[in-house]
Amino acid sequence: MNHLLTDNFGRNHNYLRISLTDNCNLRCFYCMPNEDYDFTPASKLMQVDEIEAIAKLFVSFGVNKIRLTGGEPLVRKDAHKIIEKLSNLPVNLTITTNATRIDTHLDTLLASSIRSINVSLDTLQRDKFFFITKRDQFDKVLENINLLLNHNFHVKINMVVMKGINDQEINDFIEWTRDFPIHVRFIEFMPFSGNNWKSDKVLTMNEILNIIQSKYNYNKIQDAKNDTAKNFEIQGHQGTFAMISTMSEAFCGTCNRIRLTADGKLKNCLFSKNETDILTPFRMGEDVVPLIKSCIISKEKALGGQFDNILEKVDSQLIENRSMITIGG
Ligand code: SAM
Ligand code: SF4
């Protein structure tokens, strides 16, 4: 095993998440807090060749899974070129998207090595979709999810559960799995810079499971190695569901993820205070390998060293981080 991507706790990082842009065509209030946010100018973003070269470097150190994210990765004008280039690498390539641009990118996706796509959708109600995202794209998103299913992509739906916002819809999402082979992932609401997070807005994994149990009998199914989700099935349902319990039961012990922001900063944790600029030295022709190594070695044991899983004690004001849209979820 190559040890360059192994941290002080023995965790090997073979999963790289690359943010293509901090730009987005939706305005989810829990992710992009400021409507007037200035997106990073294109020249400051990693360019196609830079993304390819940096990704190849990580692959040479053992990365075997790459997820493209953002912001909204498919609003980037050259997203198709990036997908084409990374499809040639020996990795499991995936993407997380809000699905508004799936139709315009369908040919690229079909020609790529991507087979599984994560789609964010927090509500099955048109009005609420507008309330959460401030954009009228609900029908388009549903159409595009169906398009993906019709083309046999494996579709995972990410639903961020927020008390008083969409927690009444948990079982509507479960009902959706009855006749469709979708995998719904319920995500505990997480604190990021400016998103007005409060512990009492979080619905924990156990609370979500209790709601599901009131209507359905579910069984636990085997989780994949390093899976952040706890997976479940319901007999007779084509789809499955999962919990991502970052806030109530973090899964840092088996974390294998590192993140590259759209402006070329390496983050060793979603909640890391620090980040390592590798794009600037890379552009100057310098060796970035020692920087990558020190970034990995400095990874904290859990949750960026910024809080722990006692929800009521988490003070979001004390967490130093970027907003989610600038990290790349
Ligand atoms: N635009 C794409 C999308 O929405 O799928 C990719 C980027 S988005 C930042 C990635 C994921 O992060 C989405 O599933 C989104 O719901 C999730 N996310 C954003 N802010 C979050 C928060 N505060 N807590 C939990 N999940 C969050
Ligand atoms: Fe955009 Fe995705 Fe953030 Fe929503 S969650 S604002 S779609 S980046």
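The figures that follow rest on heavy atoms only: side chains count, while hydrogens, waters and symmetry mates do not. For ligands, and for the atoms within them, numbers begin at 1 and follow the listed sequence.
Heavy-atom separations between G70 and ligand 1 include at least one value shorter than 4.0 Å. Between G71 and ligand 1 there is a heavy-atom distance shorter than 4.0 Å. Residue G71 places a heavy atom under 4.0 Å from ligand 2.
Residue contacts to atom 4 (Fe) of ligand 2: C31 brings no N, O or S atom closer than 2.8 Å.
Looking at M190 next to ligand 1, an N or O pair under 3.5 Å apart turns up.
Comment: R178 engages E175 in a salt bridge, judged by a side-chain N to carboxylate O separation of less than 4.0 angstrom. The pair D7-R11 meets the salt-bridge criterion, since a charged nitrogen lies less than 4.0 angstrom from a carboxylate oxygen. A salt bridge does not link D227 with K230: every distance from a Lys NZ or Arg NE/NH1/NH2 to an Asp or Glu carboxylate oxygen is 4.0 Å or more.
Judged by a 6.0 Å distance limit and a 45° cone about the ring axis, K201 is not positioned over the six-membered ring of F189.
At a heavy-atom distance under 4.0 Å, no atom of L26 approaches ligand 1. Contacts between T96 and ligand 1 below 4.0 angstrom, taking non-hydrogen atoms only, involve backbone and side chain alike.
Distances below 4.0 Å separate heavy atoms of N98 from the following atoms of ligand 1: 2 (C), 3 (C), 5 (O). Each of the atoms 6 (S), 7 (S) of ligand 2 lies under 4.0 Å from some heavy atom of L26. Near E188, the atoms of ligand 1 lying under 4.0 angstrom from a non-hydrogen atom of the residue are 25 (C). Close contacts of ligand 2 with C24, meaning ligand atoms under 4.0 Å from a residue heavy atom, involve 1 (Fe), 6 (S), 7 (S), 8 (S).
If you look at H13 and F58, their ring centroids are not closer than 6.0 Å.
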